[in-house]
Amino acid sequence: MARLGNDGWKVSSTKAIWTDSGYLALGGTTDTGLWAAGFASRFDSLAPLLVRKRANGVWKRVSVPVPRGRSATLTDVSAWKRNSAWAVG
């Protein structure tokens, strides 16, 4: 992930949240926190991946249900108040 500030683009590391993963959406505000949604490669299928940027600047993986026997990807995320977000896929 990258962020545009007054001094140009800077990479914001998610620091090995999961190997072989990708983010498809970013949502939230400074008040709600930032959320990123996407997928993680898991053996021979895809698992949903959701991470949240905490107030201290660290990204942390959030547990989401994984459908049994199926691949799943999260394609969008929206947060409208602190600790309250929706992700779809």
Side-chain angles (χ1 to χ4, degrees):
M1 283 185 238
R3 175 184 170 276
L4 178 60
N6 292 335
D7 52 350
W9 286 97
K10 291 196 175 187
V11 174
S12 174
S13 172
T14 55
K15 216 173 180 184
I17 294 288
W18 195 292
T19 58
D20 297 329
S21 61
Y23 298 105
L24 302 174
L26 180 68
T29 67
T30 53
D31 293 332
T32 64
L34 290 177
W35 296 78
F39 63 90
S41 179
R42 191 171 166 198
F43 306 110
D44 61 349
S45 65
L46 296 176
L49 178 61
L50 186 65
V51 295
R52 181 176 186 207
K53 187 173 184 181
R54 304 172 111 196
N56 63 4
V58 175
W59 288 92
K60 184 173 179 172
R61 187 163 183 216
V62 177
S63 178
V64 294
V66 178
R68 253 178 218 208
R70 296 196 174 157
S71 288
T73 299
L74 295 175
T75 56
D76 203 1
V77 62
S78 178
W80 59 97
K81 61 183 179 178
R82 190 170 294 225
N83 297 324
S84 186
W86 284 86
V88 297

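This chain uses plain numbering: 1 for the first residue, then up along the sequence.
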Which pair of heavy atoms, one from [X] and one from [Y], lies closest together, and at what distance?
{"X": "Ser84", "Y": "Trp80", "result": "OG-CZ2, 3.2 Å"}
{"X": "Trp59", "Y": "Lys53", "result": "CE3-N, 3.5 Å"}
{"X": "Val51", "Y": "Tyr23", "result": "CG2-CE2, 3.7 Å"}

key: Atom pair OG1/CG of Thr73 and Leu49 - distance to nearest 0.5 Å   =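 Separation between the atoms: 10.0 Å.
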ask   = Would a hydrophobic clustering, with Ile, Leu, Val, Met, Phe, Trp and Tyr connected at side-chain separations under 4.5 Å, put Val77 with Leu74?
value =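 Both belong to a single hydrophobic cluster.
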query = For the hydrophobic clusters of this structure (ILVMFWY residues joined by side-chain heavy atoms under 4.5 Å, transitively), does one cluster hold both Leu50 and Leu24?
reply =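 Leu50 and Leu24: separate clusters.
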ask   = If only atom types and distance count, is the side chain of Ser71 paired as donor or acceptor with the main-chain N or O of Leu46 below 3.5 Å?
value =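 Present.
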ask   = Taking atom CG of Asn6 as the centre, does the number of heavy atoms from other residues, nucleotides or ligands within less than 6.0 Å exceed 12?
value =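 No - once you tally the heavy atoms of other residues, nucleotides and ligands closer than 6.0 Å, there are 12 at most.
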Atom CH2 of Trp86 with >12 non-hydrogen neighbours under 6.0 angstrom =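 Count not over threshold, so no.
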ask   = Does some side-chain heavy atom of Thr75 sit less than 4.5 Å from a side-chain heavy atom of Val88?
value =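 Val88 vs Thr75: side chains touch.
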